[in-house]
Enquirer: 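Sharing a structure here in structure tokens format.
In what follows, every heavy atom counts, from backbone to side chain, and hydrogens, waters and symmetry copies are set aside.
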Amino acid sequence: GQQVMQIPQYQHVQEGEDFTTYCNSSTTLSNIQWYKQRPGGHPVFLIQLVKSGEVKKQKRLTFQFGEAKKNSSLHITATQTTDVGTYFCAGRDNYGQNFVFGPGTRLSVLP
Amino acid sequence: DTGVSQDPRHKITKRGQNVTFRCDPISEHNRLYWYRQTLGQGPEFLTYFQNEAQLEKSRLLSDRFSAERPKGSFSTLEIQRTEQGDSAMYLCASSFVGTNEKLFFGSGTQLSVL
């Protein structure tokens, strides 16, 4: 079945540094979504990417979907303490309707 | 928009007991998903409904697990003969099917099996 992996598992950065997390799927995806889960909270939708090579920006966050539609990345510029949390990618392939989540990257930002 | 509600927030039970969780989705949403999440892991898909029809169920899901969504509104997830390995956060999410479908999660039910 479809598998989604993410690296790194953990990332500790100093406030103001940049952060990137990478997501890879074992199968070609019809779309990919990113969610953020704050400590003690539930996942909250950030964005969806659909097109091959698509790049979307939300303020300091940049999301990219790979040309082969099997990988994606999330880049945060100049991290802030409010960015703390776990970032999950979730992919939907061309056969299923459910979203398969990666294991997440847990971001810690030191002030 | 009152969001997705889950009840109870916490459930402690003894091994072998049955438990039932409830999820009330956002009212206009026609899809409802159940996920399970353990510490340090991503949400693991269990099953989903479109309206009242259960359209997909994880192959990893034991037959001790059953879910219903009568009348296409709220949903219940029942676990029979609980095991310690069932201890996890059970998350419900709802959505409106379409090209821009996105999941709205509830706060979850934390299950502890002693």
Side-chain angles (χ1 to χ4, degrees), chain A residues 1-11 21-25 27 29-51 54 56 58 63 72 74 85-108, chain B residues 1-7 9-10 21 23-26 29-51 53-61 67 88-110:
Chain A
Q2 180 190 356
Q3 293 185 334
V4 177
M5 300 305 297
Q6 282 184 256
I7 55 169
Q9 188 176 4
Y10 301 98
Q11 185 79 57
T21 173
Y22 300 92
C23 174
N24 287 283
S25 170
T27 59
L29 301 171
S30 62
N31 62 50
I32 194 158
Q33 298 183 344
W34 286 89
Y35 290 78
K36 176 183 179 181
Q37 186 172 24
R38 294 182 185 274
H42 56 272
V44 174
F45 175 84
L46 294 177
I47 208 158
Q48 174 173 277
L49 304 169
V50 178
K51 299 177 184 176
E54 188 171 13
K56 286 188 176 181
Q58 286 181 350
F63 304 84
S72 180
L74 158 59
T86 302
Y87 293 84
F88 295 100
C89 61
R92 171 182 270 176
D93 65 22
N94 293 319
Y95 304 99
Q97 286 291 301
N98 76 76
F99 292 91
V100 177
F101 281 75
T105 296
R106 185 172 172 181
L107 173 63
S108 297
Chain B
D1 181 0
T2 57
V4 178
S5 298
Q6 291 190 244
D7 184 69
R9 291 293 305 273
H10 304 273
F21 311 139
C23 172
D24 287 272
I26 293 171
H29 285 180
N30 51 11
R31 277 194 178 171
L32 188 149
Y33 296 77
W34 284 99
Y35 283 86
R36 174 171 62 190
Q37 186 177 29
T38 53
L39 200 61
Q41 299 298 315
E44 175 193 12
F45 169 76
L46 296 179
T47 188
Y48 90 93
F49 294 82
Q50 183 159 322
N51 300 314
Q54 188 173 15
L55 296 186
E56 192 172 343
K57 191 174 175 180
S58 170
R59 288 171 293 170
L60 302 175
L61 200 61
M89 175 71 80
Y90 288 83
L91 293 166
C92 173
S94 72
S95 68
F96 191 80
V97 64
T99 54
N100 291 316
E101 179 182 1
K102 55 187 178 184
L103 303 180
F104 291 81
F105 282 87
S107 298
T109 294
Q110 181 66 54

Enquirer: The criterion is side chain to side chain donor-acceptor pair (under 3.5 Å); which residues satisfy it with A:R92, sequence neighbours excluded?
Expert: B:Y33, B:E101
Enquirer: Mind telling me whether B:F104 and B:H29 have parallel, tilted or perpendicular rings, with 30° and 60° as the class edges?
Expert: tilted
Enquirer: So, using side chain to side chain donor-acceptor pair (under 3.5 Å) as the criterion, who are the partners of A:Q58 when residues are at least two apart?
Expert: none
Enquirer: To the nearest 0.5 Å, how far apart are CD1 in B:I26 and OG in B:S94?
Expert: 4.5 Å
Enquirer: Is the centre of the B:F105 ring less than 6.0 Å from the centre of the A:F45 ring?
Expert: no
Enquirer: Can you say whether B:L91 sits under 4.5 Å from chain A via the side chain, the backbone, both, or neither, judging by heavy atoms?
Expert: side chain
Enquirer: Do A:T105 and A:Q9 get their side chains close enough for a donor-acceptor pair, meaning under 3.5 Å?
Expert: no
Enquirer: Tell me, please, which residues at least two apart from B:E56 pass side chain to side chain donor-acceptor pair (under 3.5 Å).
Expert: A:N98
Enquirer: Within residues 29-39 of chain A, which residues come under 4.5 Å of chain B, heavy atom to heavy atom?
Expert: A:Q33, A:Y35, A:Q37
Enquirer: Chain A heavy atoms under 4.5 Å from B:T99: which part of the residue, side chain, backbone, both or neither?
Expert: backbone
